[in-house]
A.B. asks: 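One structure is given below, represented as structure tokens, and several questions about it will come after.
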Amino acid sequence: MNAAAEKIRTELSNLSEEDRAELAQFLIASLDEGADSDAEAAWDAELERRAEEIRGGQASGEPAGKVFSELRAKHS
């Protein structure tokens, strides 16, 4: 991180949580400006396909609690 960014980082740490959250949202959105315009539609189609597989019995899932527990055990 360059000196200018470090200075801004220090100044930002003094802002309220609400102001930091608003700025974070702005920064994240600014990174998405070059995103693929078809990505949202592609993800919607993929989610629908996966939901149909689950409803049709071709796929099954695991309870979130079990998955998170396994991840914590693996990565702790």
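Numbers here simply count residues along the sequence, with the first being 1. What you see is a predicted model; the values in this text were computed from it and never measured.
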A.B. asks: Given salt bridge (Lys or Arg N to Asp or Glu O under 4.0 Å), test R55 with E52 step by step and report yes or no.
C.D. replies: CA-CA 5 Å; R55 285 191 288 268; E52 285 298 320; 2.6 Å; yes
A.B. asks: I'd like to know if the side chain of S30 and the backbone of L27 have a donor-acceptor N/O pair within less than 3.5 Å.
C.D. replies: yes
A.B. asks: Are more than 12 heavy atoms from other residues, nucleotides or ligands located less than 6.0 Å from atom CD of E22?
C.D. replies: no
A.B. asks: Out of the candidates I28, I8, L12, only one should pair with L23 under the side-chain contact (heavy atoms from CB on, under 4.5 Å) rule; please name it.
C.D. replies: L12
A.B. asks: Near E46 CD, under 6.0 Å, is it more than 12 heavy atoms from other residues, nucleotides or ligands?
C.D. replies: yes
A.B. asks: Please check if the number of heavy atoms outside E40 that lie under 6.0 Å from its CD is greater than 12.
C.D. replies: no
A.B. asks: I'd like to know whether CD of E18 has more than 12 heavy-atom contacts from other residues, nucleotides or ligands below 6.0 angstrom.
C.D. replies: no
A.B. asks: Tell me every residue that passes side chain to side chain donor-acceptor pair (under 3.5 Å) with S16, counting only those two or more places apart in sequence or in another chain.
C.D. replies: D19
A.B. asks: Under the 3.5 angstrom rule, does the side chain of T10 hit a backbone N or O of E6 as a donor-acceptor pair?
C.D. replies: yes
A.B. asks: Can you tell me how far the CZ atom of R20 sits from the CG atom of N14, to the nearest 0.5 Å?
C.D. replies: 9.0 Å
